[in-house]
Every structure is written in C-alpha cells, then in structure tokens.
A.B. asks: 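Below is one structure. I have some questions about it.
Convention: sequence-line order gives letters A, B, ...; per-chain numbering from 1.
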Number of protein chains: 2
Amino acid sequence: MAATTAMASSGSSNRIEAQPLYVKARNIMVNRLIAGEWRPGQLLPSEFSIADDLGVSQGTVRKAMDDMTAQGLLVRKQGRGTYVAEAEDNSILFRFYRLTPDDSDATTDKAEFPESDYLAQSQGQATKQEQDIFLLSSEDMVWRFERLRSDPLGPILWERLVLPARQFPDFTPTTRLPNNVYQFYSSRYGIIVAKVNEKLRAVTAPQNVSQLLGLPDQAPVLEIDRRAVALNDQVVEWRISLCRSDRLHYRNELK
Amino acid sequence: MAATTAMASSGSSNRIEAQPLYVKARNIMVNRLIAGEWRPGQLLPSEFSIADDLGVSQGTVRKAMDDMTAQGLLVRKQGRGTYVAEAEDNSILFRFYRLTPDDSDATTDKAEFPESDYLAQSQGQATKQEQDIFLLSSEDMVWRFERLRSDPLGPILWERLVLPARQFPDFTPTTRLPNNVYQFYSSRYGIIVAKVNEKLRAVTAPQNVSQLLGLPDQAPVLEIDRRAVALNDQVVEWRISLCRSDRLHYRNELK
DNA sequence: AAACTTCAGTCTTGTATAAGACATAAGACA
DNA sequence: TGTCTTATGTCTTATACAAGACTGAAGTTT
C-alpha cells in the first residue's frame, strides 16, 4: 500500500468514522459523479489507476464499483473499461417506462416508445406546491409542458411536466423536449436521474383529457404522479400523467 | 483445496460449459432453497464449511451469497451466521405492499397493515385462465378466497385470491389465511416467493365492490392483478385487488 | 504499393484465493 | 455474578491470475 494518501487512514486514529474503505471509495466516486467531474458516457480511469489515486487496492475500488454498477450508474465492459452510464444504456429507455399494451404478455416484449405532441409550453413562477417539490423560493421560475403521447394505435396519455428553470438555462419557449428526456438530461446537462418516485391513483378523466384520448366521458384513467430525483437527492422533474387504461396497463415487478 | 469434489472440475474436460465457479455455487445453493433442503429461518452452515463442501474457497461462496443476499433470499449477521430469509425479515412485510395513505408523505412512514374480513372461501376446479397461470390441468383444484381489507379508517380494498390446491394440502374450507400470507407460505410450506408481477389498471368499480368500500356508484378504483412467483418460477398465488383510490395511492420507487 | 491477416504486447475488467480484522456467543474462572 | 478467554462466524482487503479488447509491427496476398 502507498505510504501516505488521502484514504489510507492507517493510524487507527481516534476518529469515530468506522467506515470500510470501499464505502469511502464509493462515496468519493459518487461525489465525482454528482460534481460533474465524471460525466455520463465518459470512460473512467481504470480500476488500477483509481486504486492508485485513492491509495487502496484494485479489489477495493472494484467492490465500490460493484454497487454503482448494480445501481445502474456505471457500465463495465471487460477489456475496455468502465463508463458512466447513459440513459440509453442497458435498454434503460424502458427502465422508467412501465406502460405496456394489454396483449403483449411477455415481459421482454417491449412496446414502442410513444411519440409526443406538444399542447402547451410556458415559463412561469413556481407555485407553492412546485416550490415544495423542487425546494425553490417564490421568485424562482419553472418550465411547464403539456403534451399528448401516442403509439401507432392512437393516443395513450396526457401529461403535464414541470422542470425547474435554473437547471435548464438554455431553454426557450420553442425548444421541445426529446422523446427520451432522461437521456437528454444526462447528455446535455449532466443530470443523472438516480430514481423516480411514483404515486398511482385511479381517477375519472377530466373532460378535455377524455376527449383528447378518445375516451367516453367520465372514463377511469390511471394518474401517475412522478418525481425524478437526481444523485444529489434533488427533484429535477415533476410530471403528472393521465393514462388510458382500456388497452394498456402499468406493469410492475417487485423483488 | 480439497482433492476431488463436486465442483472442482479441474479436468479441463471438453465440456463447453464455461461458467464461473461462483455462478455454479450460487445455482447449487439456490437449488437447495428450492428443494427445501434449506428452509426459511434456518441457519446455514458457515461460509467456510460450505466452501469446503463445494471444494472452493470461502471468498467464492461469499460472492455467490452476495447476490442472494442482495436479492433478499439470505440474511447475514456478522459474528453469528447466515440465515435463509423469512418473509418478515428486512421489514419485508411491506416489500410487496405498496398502498399508502395519501397524507403520510415520508417513504419510511409505513401504513398499518390492513385487517381482513373473509367474504367467501371455496375449493373448485381450475378455470381455463387459472390453468394457464398455474400450469395446471383441467382436473386440478384451486382454492379461492374473497376478502375485504380495512385499515382503522375503514375498508381499503376488495380482493379475490387464488391458490393452487396442490401446494396447500392441509387447507379446509374454514382455514383462514393469516394477515401476512407470504410469511405463511414461507414458514409453513417452505415456499419462497422470489418476486411478484403486477399489472395495474384504472377501472370503474362493480356495484357490489363500490358498496363494500363505501364509494359512490361508478367510482374509479385501482385494479391490481398480481401473480406471485416462487424461486422455481412457478406462480403460487394469483390475486386481483380493487383498491379505493380516494384516500390511498400505490407508491412505487424505480431505480 | 495497397490491403489484408496474423500475432505478440499491453491495456482493461473478471475470477479465485488467502490472510487478517471485526463481531458474537459460550465457556472458564475469580 | 461479572470478566476474560476462546472458538466460530462474517467482513474487509490484498494478491495472483484469467480473459477480453485494442494497437501496431510483421508478414502475406492481391
């Protein structure tokens, strides 16, 4: 082991922080991701060189990376190296997309990713609720989108999407979100979405929505309230979707 | 290393199966769980003794166990040993229970586990659909339950539950399921539920259900179609729940 | 001369093992 | 009864080697 380095405390000092080396290593590396020092798609230094940098062995760095890989943060390729995951990796396009046509039974048989029609897009001051969600003050601005998403058979869902303006500085009232937003956040702004929290309810569709979706009046639809949170635990996106439930369902696998 | 054992192939035979030792070890151990050789709650032999048994090193066995622990199959306790997980471990009571009152915001603030009132219970021949789900023949029998589940504030959901009779030989028309069924399957029959697949829809409640739940006629409710699958990939439980969605929601966290 | 193949060297991640640290429980002993 | 010792577990770290992937030199063919 190296003589004197950042991590190798080695002095059995009276510091209370009894934390395994690989946990410290993981924290350091995750912080580099948060800080944007390592950006999505980037090739990381090799396990050996990181180990050398941190003053630990390759196995320890590797164990730290195990967690991050399992979490989907990193992607390893034997013989080539380890990359910061992009939203497209791992067929992760569908990681957060749970809607499936009723007929396709196989779990692997994925639906097409729906297209989007934009109904409205505007910037405005954050409402009380939005301030709570994004931890903003009353002067802060947010972007709001309304769009209708459809697959080849017709409209699937209506959704309202809110983003804190600060995180997306170069937006204009005419910039459209791409189809895969998390890929977009990742590649363009370096925002890594670590998880999303969803709340599902069954509600009766408002008249305008049921019309847009081509559903009868008072039809029941699935309401999905989703908050995407980044690695630093900040909410970076809030969306409410109203999904038709007559030919689609929300599929979930719990382990 | 031991001289000649089951796993240490060592012969460099022309078999194509190039599988890492730790994968083989994991398969062997999972099979012991499936076979019931190791039952839920049981203390496993130590990593060293298993390693000795399989003819590999402790580290390899440990790596195999890492996966199983992450999967929730095993529970490790430093200094004591490794146990086969019980359904109650890991506050796993709520692992498959995703319904939360609207007011409780914190993810850790768990709702009370609801009580059950049984409306019907009977044994009968498997329908076509049930044969498909459980891979049964037309003569095979199933148990069917109907129950109303309530929390202190009143009824929450109505559900119909189907079990293949073969798996639960000592059932009678009056035996009630305990509140935590997966704990029950595990401790009594050694059936380890590895995962559950759920399909969610928004539907209008049938009149009898809306009455039972105290909802207005035509109220939208959340329909949850759940299939619990055991370690051997067999479906061991099928249930359809209709949940009130006015003061509860289904919460999901995707990583 | 240009294009292709082969192969060795060197980089990477993946696998297996060993040794010691740390945690817990049970018996020895004052 | 309380403390110490010991045995037996898991947990952490390090090391050695295997296997995949790229690079470039050397040879071969066209």
A.B. asks: Using purine N1 to pyrimidine N3 plus N6-O4 or O6-N4 for Watson-Crick, or N1-O2 and O6-N3 for G-U wobble, each under 3.5 Å, what pairs with dG14(C)?
C.D. replies: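 Partner of dG14(C): dC17(D).
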
A.B. asks: Give a yes or no on whether the backbone of Pro164(A) and the side-chain of Gln167(A) come within a donor-acceptor separation of less than 3.5 Å.
C.D. replies: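 Not a single qualifying donor-acceptor pair exists.
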
A.B. asks: In Å, rounded to the nearest 0.5 Å, how long is the span from CD1 of Ile224(A) to CD of Glu198(A)?
C.D. replies: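 Between Ile224(A) CD1 and Glu198(A) CD, I get 5.5 Å after rounding to 0.5 Å.
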
A.B. asks: Can you tell me if Arg62(A) touches the phosphate of dG14(C), counting only side-chain N or O atoms and a distance under 4.0 Å to OP1 or OP2?
C.D. replies: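 It does, given that an N or O in the side chain of Arg62(A) lies less than 4.0 Å from OP1 or OP2 of dG14(C).
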
A.B. asks: Give the rounded distance in Å between these two atoms: CZ of Arg26(A) and P of dC11(D).
C.D. replies: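 Result: 15 Å.
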
A.B. asks: Could you state the atom-to-atom distance from CZ of Phe48(B) to P of dA7(D) in whole Å?
C.D. replies: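 Distance, rounded to whole Å: 16 Å.
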
A.B. asks: Check whether any side-chain heavy atom of Asn179(B) lies under 4.5 Å from a side-chain heavy atom of Ser116(B), and answer yes or no.
C.D. replies: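 Sidechains of Ser116(B) and Asn179(B): in contact.
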
A.B. asks: Got a donor-acceptor pair under 3.5 Å from the side chain of Gln78(B) to the base of dC22(C)?
C.D. replies: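 Yes, the side chain and the base share a sub-3.5 Å donor-acceptor pair.
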
A.B. asks: Please report, rounded to the nearest Å, how far the P atom of dG9(D) is from the CG atom of Leu74(B).
C.D. replies: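 Checked: the CG to P distance equals 16 Å.
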
A.B. asks: Donor-acceptor pair, distance only, cut-off 3.5 Å: does the side chain of Asp53(B) make one with the backbone of Ser49(B)?
C.D. replies: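 Flag not set: sc Asp53(B) to bb Ser49(B) has no pair under 3.5 Å.
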
A.B. asks: Check whether any side-chain N or O of Thr60(A) sits under 4.0 Å from OP1 or OP2 of dA14(D), and answer yes or no.
C.D. replies: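 True: Thr60(A) side-chain N/O within range (under 4.0 Å) of dA14(D) OP1/OP2.
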
A.B. asks: Using atom CE of Met65(B) as one end and atom C1' of dC11(D) as the other, report the distance to the nearest whole Å.
C.D. replies: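 My rounded result for the distance is 13 Å.
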
A.B. asks: Find the distance Lys77(A):NZ to dA21(D):C1' and express it as a whole number of Å.
C.D. replies: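 Taking atom C1' of dA21(D) as the reference, NZ of Lys77(A) is at 12 Å.
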
A.B. asks: Under a 4.0 Å heavy-atom cut-off, which of residues 39-47 of chain B touch DNA chain D?
C.D. replies: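 Those residues whose heavy atoms fall under 4.0 Å from DNA chain D, taken from residues 39-47 of chain B in numerical order, are Ser46(B), Glu47(B).
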
A.B. asks: Counting only side-chain nitrogens and oxygens, does Arg80(B) get under 4.0 Å of the OP1 or OP2 atom of dT8(D)?
C.D. replies: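 For dT8(D), neither OP1 nor OP2 has a side-chain N or O of Arg80(B) closer than 4.0 Å.
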
A.B. asks: Between atom CD in Gln58(A) and atom P in dT15(C), what is the gap in whole Å?
C.D. replies: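 The distance from CD of Gln58(A) to P of dT15(C) comes to 12 Å, rounded to the nearest Å.
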
A.B. asks: So does Lys63(A) get a side-chain nitrogen or oxygen closer than 4.0 Å to the phosphate oxygens (OP1/OP2) of dT12(D)?
C.D. replies: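 Result: yes.
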
A.B. asks: Could you pick out which residue, Asp66(B) or Gly59(A), lies toward the 5' side of DNA chain D when each is mapped onto its nearest nucleotide?
C.D. replies: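 On the 5' side of the pair lies Asp66(B).
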
A.B. asks: Nearest of dT15(C), dG14(C), dT17(C) to any side-chain atom of Val56(B)?
C.D. replies: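 Between dT15(C), dG14(C), dT17(C), the one nearest the side chain of Val56(B) would be dT17(C).
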
A.B. asks: Leu21(B) has an atom CG; how far is it from atom P of dG14(C), in whole Å?
C.D. replies: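 Spelled out: CG on Leu21(B) to P on dG14(C) is 17 Å.
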
A.B. asks: So does Thr82(A) get a side-chain nitrogen or oxygen closer than 4.0 Å to the phosphate oxygens (OP1/OP2) of dT12(C)?
C.D. replies: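 No, because none of the side-chain N or O atoms of Thr82(A) sits under 4.0 Å from OP1 or OP2 of dT12(C).
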
A.B. asks: Determine the minimum heavy-atom distance between Ile240(A) and Trp238(A), stating which atoms define it.
C.D. replies: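 Answer, listing the atom of Ile240(A) first, then Trp238(A): CD1-CZ2, 3.7 Å.
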
A.B. asks: Could you report the tightest heavy-atom contact between Pro169(B) and Tyr189(B), atom names first, then the distance?
C.D. replies: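 It is CD-CE2, 3.8 Å.
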
A.B. asks: Identify the nucleotide, in any strand shown, that forms a Watson-Crick or G-U wobble pair with dC22(D), with both distances under 3.5 Å; if there is none, say none.
C.D. replies: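 Its partner is dG9(C).
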
A.B. asks: Taking atom P of dA14(D) as reference, at what distance in whole Å does atom CD1 of Ile50(A) sit?
C.D. replies: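 Value for this atom pair: 15 Å.
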
A.B. asks: Check whether any side-chain heavy atom of Pro101(B) sits under 4.5 Å from a side-chain heavy atom of Leu248(B), and report yes or no.
C.D. replies: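 Pro101(B) reaches Leu248(B) side chain to side chain.
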
A.B. asks: Any idea how Phe171(B) and Phe168(B) line up, ring-wise: parallel (<30°), tilted (30 to 60°), or perpendicular (>60°)?
C.D. replies: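 The rings of Phe171(B) and Phe168(B) sit tilted, inter-plane angle from 30° to 60°.
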
